[in-house]
2 protein chains.
Amino acid sequence: MGKQTASIVDVAKRAGVSVASASRVLSGSSYPVSDETRQKVLEAAQALDYAPNTLARSLRAQRSNLIAVIVGDNADPYFAEITRGVEEVANERGYLTIVCNTDRQSDRELHYLRMLQDYRADGVIFAGSGLNEPEYLEQFEKIIETMQARGAAIVALAQHTLQLPTIQVDNFGGARAMTRHLIEQGHRRIAFVSGPTNLLVATARLQGYTAALVEAGLCVDSDLILPGNFNREGGEQAAHKLAQFAAEQRPSAVFAANDETAFGVLSGLSSQGWRIPADISICGFGDLPMASVVYPPLTTVHIGLRELGRSGAHKLLAQLQREEIEANEIIPTSLSIRCTTS
Amino acid sequence: MGKQTASIVDVAKRAGVSVASASRVLSGSSYPVSDETRQKVLEAAQALDYAPNTLARSLRAQRSNLIAVIVGDNADPYFAEITRGVEEVANERGYLTIVCNTDRQSDRELHYLRMLQDYRADGVIFAGSGLNEPEYLEQFEKIIETMQARGAAIVALAQHTLQLPTIQVDNFGGARAMTRHLIEQGHRRIAFVSGPTNLLVATARLQGYTAALVEAGLCVDSDLILPGNFNREGGEQAAHKLAQFAAEQRPSAVFAANDETAFGVLSGLSSQGWRIPADISICGFGDLPMASVVYPPLTTVHIGLRELGRSGAHKLLAQLQREEIEANEIIPTSLSIRCTTS
DNA sequence: TTGTATGCGTTATCAT
DNA sequence: ATGATAACGCATACAA
């Protein structure tokens with residue numbers, strides 16, 4: 001049980017060669033090494049069960065091969081899918097993925113950013129949108145600039161408060177398309193359950209909704225815009241409010257700013273005895289895996305979440321290799337018309 | 001953009017003190033430092049925007065403050081919840097959490113384990129159960145032993161093939177309790193949709209099911225044990241098979257080995273026009289957040305997933321601090337009786 | 001209380 | 001082709 005992990009020095013010693021030679025074969029250097037030396041080193045490494053110390057390597061090389069994904073909540077399927085996509089690509093390329101849950105709190109986000117800077121993470125992916133909290137903006141800018149100056153790459157997967165390379169879902173377009181669809185189906189009074197007001201993706205979706213309304217010559221009734229919070233509770237509360245409308249004022253459709261909210265609306269309304277979509281149409285945004293398994297299967301705006309994560313990681317790695325990248329990419333959405341609308 | 005990140009040497013220089021002094025204040029050492037020196041160092045650090053290099057620190061300290069959670073698939077809500085729990089505790093204690101998706105493939109698991117060893121991760125949490133693949137067992141044992149010898153802590157959150165400190169859900173007891181409940185409700189022919197046969201948690205649940213049957217004096221009919229794979233597809237296929245039973249042979253209840261599978265059974269049966277629970281009762285295992293939002297809300301065995309993750313992390317950290325820990329803990333389950341059974 | 005020097009494990013530079 | 005050595009950034013043993 002004696003010895004700890006063997007170092008490259010141990011390997012060199014046992015192989016009877018210099019540390020430099022050992023390093024050259026063990027690090028996969030292109031530097032020429034005789035076959036004999038190579039053999040001896042390899043055997044010694046094998047015998048000693050040598051495992052290279054990445055910490056030392058990283059310190060020396062000034063790159064850690066660590067990337068991080070900053071999410072609101074990894075238990076939220078929206079983020080979980082993105083994280084998965086990021087990890088897939090990272091792993092393919094030999095990177096490790098650190099997951100950081102912030103619960104959308106700026107101070108936690110900042111805290112993580114600092115830690116990541118300390119760990120000299122090679123890159124950071126912001127899975128969620130930027131926060132509209134001016135009091136933190138300055139600190140954010142500073143730490144991000146510091147990281148970038150060091151050579152780290154940053155990518156945002158949603159419109160961000162800061163000027164960052166971005167891959168965005170077309171939130172505006174998707175919301176507008178869905179609203180148009182509802183209008184085409186004959187709906188005139190369409191409610192919207194919004195997301196957190198400080199979240200840019202949420203406001204973009206709201207704007208898509210109002211744009212479609214205006215384009216169709218319908219008036220935007222602020223009574224029909226219900227507050228939500230991107231979670232089920234918000235949806236359930238909205239369902240409760242919906243039930244209080246006078247019959248003739250009642251909207252014939254509800255567009256929830258994300259799927260979670262739609263689930264809340266769905267269960268809230270169902271439990272009150274409403275029939276979906278006979279009594280009211282419901283639709284969401286995101287197309288989480290669960291969207292098709294709830295009953296009735298949810299009509300929603302589809303986002304390729306895992307693909308979004310993968311693209312984000314690719315963009316990050318491209319930056320790391322000093323490739324030219326587009327500052328801003330937008331990936332389209334599509335409509336998953338299922339059974340909660342008619 | 002002139003200079004890179006400032007090092008502790010830069011700080012010491014600017015403060016006009018030795019590197020040792022700078023280190024003592026910057027590392028939060030308990031070593032005595034005069035207030036004056038402390039001030040100068042702090043100011044210099046501030047001015048230079050100093051960020052400690054954790055890589056160097058870790059190399060020196062022989063501990064990385066990195067822990068990893070190995071999951072089948074982070075996009076699976078089961079694992080996502082666990083990961084979240086792990087991350088919460090890790091973050092509270094100053095650790096970073098690395099997420100590793102293996103898709104339950106031994107080679108990917110091994111690959112990750114090696115990387116984690118290279119990074120000198122302080123600990124690894126196996127979120128899923130061990131795999132019954134003998135050809136990999138030896139390699140697993142070796143790498144795990146190596147890590148442990150180095151001082152790393154390992155914890156498994158399910159019964160594991162290897163001898164590891166474990167926190168387990170009472171899969172057997174939970175499955176037995178649910179099966180008993182069904183029997184009490186009057187069910188006599190109860191189908192079971194199993195999980196991957198090489199997964200210990202899956203077999204434990206199957207055993208709980210058969211145990212309850214036997215205890216109640218009912219026969220275990222192998223025709224009623226349907227293959228599944230812990231995913232929705234498996235559940236849907238099982239639903240298809242259920243529909244092909246002759247009326248008098250048809251089970252009156254289906255117990256799916258996990259919630260995902262139950263969702264598949266639910267949607268498969270619903271889309272075939274079956275009414276739940278009027279035509280057949282359905283229940284699952286896990287109690288994912290979505291269990292209560294599907295329609296009808298799913299009866300299932302409740303597991304405190306996030307808490308499981310948190311406990312795992314605590315157990316890991318306790319080990320790291322050389323505290324005595326129980327080799328094996330079992331956390332109980334409870335029944336969440338909702339609407340898919342009667 | 002402060003400073004000097006060494007080592008953590010690697011890799012790149014510079015001889016040889 | 002090989003080897004000695006400096007340096008990456010930090011924290012500690014030891015000396016003062």
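Each chain gets a letter, A, B and so on, in the order its sequence line appears, and its residues count up from 1. The figures here come from the full heavy-atom set of this structure, side chains too, leaving out hydrogens, waters and symmetry mates.
Atom-to-atom, CZ of A:Arg57 to P of C:dC8 comes out at 18 Å; the value is rounded to the nearest Å. Across the protein-nucleic acid pair, B:Leu59 atom CG and D:dG9 atom P stand 12 Å apart, rounded to whole Å. Summarising the geometry, the separation between CD1 on A:Ile8 and P on D:dT5 is reported as 17 Å, rounded to the nearest angstrom. Counting to the nearest Å, the C1' atom of C:dT2 and the CG atom of B:Leu26 are 16 Å from each other. As rounded to whole Å, 17 Å separates atom P of C:dG9 from atom OH of B:Tyr119. One interatomic measurement links the two molecules: CG of B:Asp118 to C1' of C:dG9, which rounds to 12 Å at whole-angstrom precision. Summarising the geometry, the separation between CG on A:Asn53 and P on C:dG7 is reported as 17 Å, rounded to the nearest angstrom. Between the CZ atom of B:Arg63 and the P atom of D:dA11 there is a distance of 12 Å, given to the nearest Å.
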**OP:** List the steps, then state whether side chain to side chain donor-acceptor pair (under 3.5 Å) holds for A:Thr146 with B:Asp49.
**Re:** CA-CA 9 Å; A:Thr146 306; B:Asp49 198 20; 3.2 Å; yes
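The B:Ser18 side chain lies nearest to C:dT4 when the options are C:dT10, D:dA1, C:dT4. When distances run from any side-chain atom of A:Ser7 to the nucleotides C:dT10, C:dT2, D:dC10, the shortest one goes to C:dT10.
Stems are defined here as 3 or more consecutive Watson-Crick or G-U wobble pairs with pairing distances under 3.5 Å; those involving DNA chain D are C:1-16 with D:1-16.
Backbone-only contact: A:Ala51 has heavy atoms under 4.0 Å from sugar-phosphate atoms and none from a base. When heavy atoms are screened at a 4.0 angstrom cut-off, A:Ser58 is found touching no nucleic acid atom at all.
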Enumerate, atom names and distances included, each donor-acceptor pair closer than 3.5 Å involving a side-chain atom of residues 23-30 of chain B, sequence neighbours excluded.
from: B:Ser27; atom 1: OG; to: B:Ser23; atom 2: O; distance (Å): 2.8
from: B:Ser29; atom 1: OG; to: B:Tyr31; atom 2: N; distance (Å): 2.9

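For B:Asn53, the side chain to side chain donor-acceptor pair (under 3.5 Å) criterion is met by no residue, not counting sequence neighbours. Applying the side-chain contact (heavy atoms from CB on, under 4.5 Å) rule to A:Gln46 yields no partners; only residues at least two apart in sequence or on another chain are considered.
Toward the 5' end of DNA chain C, the nearer of the two residues B:Ala56 and B:Pro32, judged by each one's closest nucleotide, is B:Pro32.
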Taking only N/O atoms, report every protein-nucleotides 12-16 of chain D pair under 3.5 Å with atom names and distance.
from: D:dT12; atom 1: O4'; to: B:Arg60; atom 2: NH2; distance (Å): 3.3

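Classification of A:Asp76 and B:Arg84 as a salt-bridged pair fails, no side-chain N sitting under 4.0 Å from a carboxylate O. Ion pairing between a basic and an acidic side chain is recognised when a charged N comes within 4.0 Å of a carboxylate O; B:Arg310 and B:Glu92 show such pairing. Between A:Arg306 and A:Glu88 there is a salt bridge, since at least one side-chain N of the basic residue sits less than 4.0 Å from a carboxylate O of the acidic one.
Close to D:dA7, at under 4.0 Å from its OP1 or OP2, lies no side-chain N or O of A:Gln62. Look at B:Ser21 and you won't find any side-chain N or O under 4.0 angstrom from OP1 or OP2 of C:dT1.
Heavy-atom neighbours of A:Gln321 CD from other residues, nucleotides or ligands within 6.0 Å: above the threshold of 12.
A side-chain N or O of B:Arg63 and one of B:Asn65 form a donor-acceptor pair less than 3.5 Å apart.
Residue pairs meeting the salt bridge (charged side-chain N to carboxylate O under 4.0 Å, His left out) criterion with at least one partner in residues 311-322 of chain B, sequence neighbours excluded, are B:Lys315-B:Glu329.
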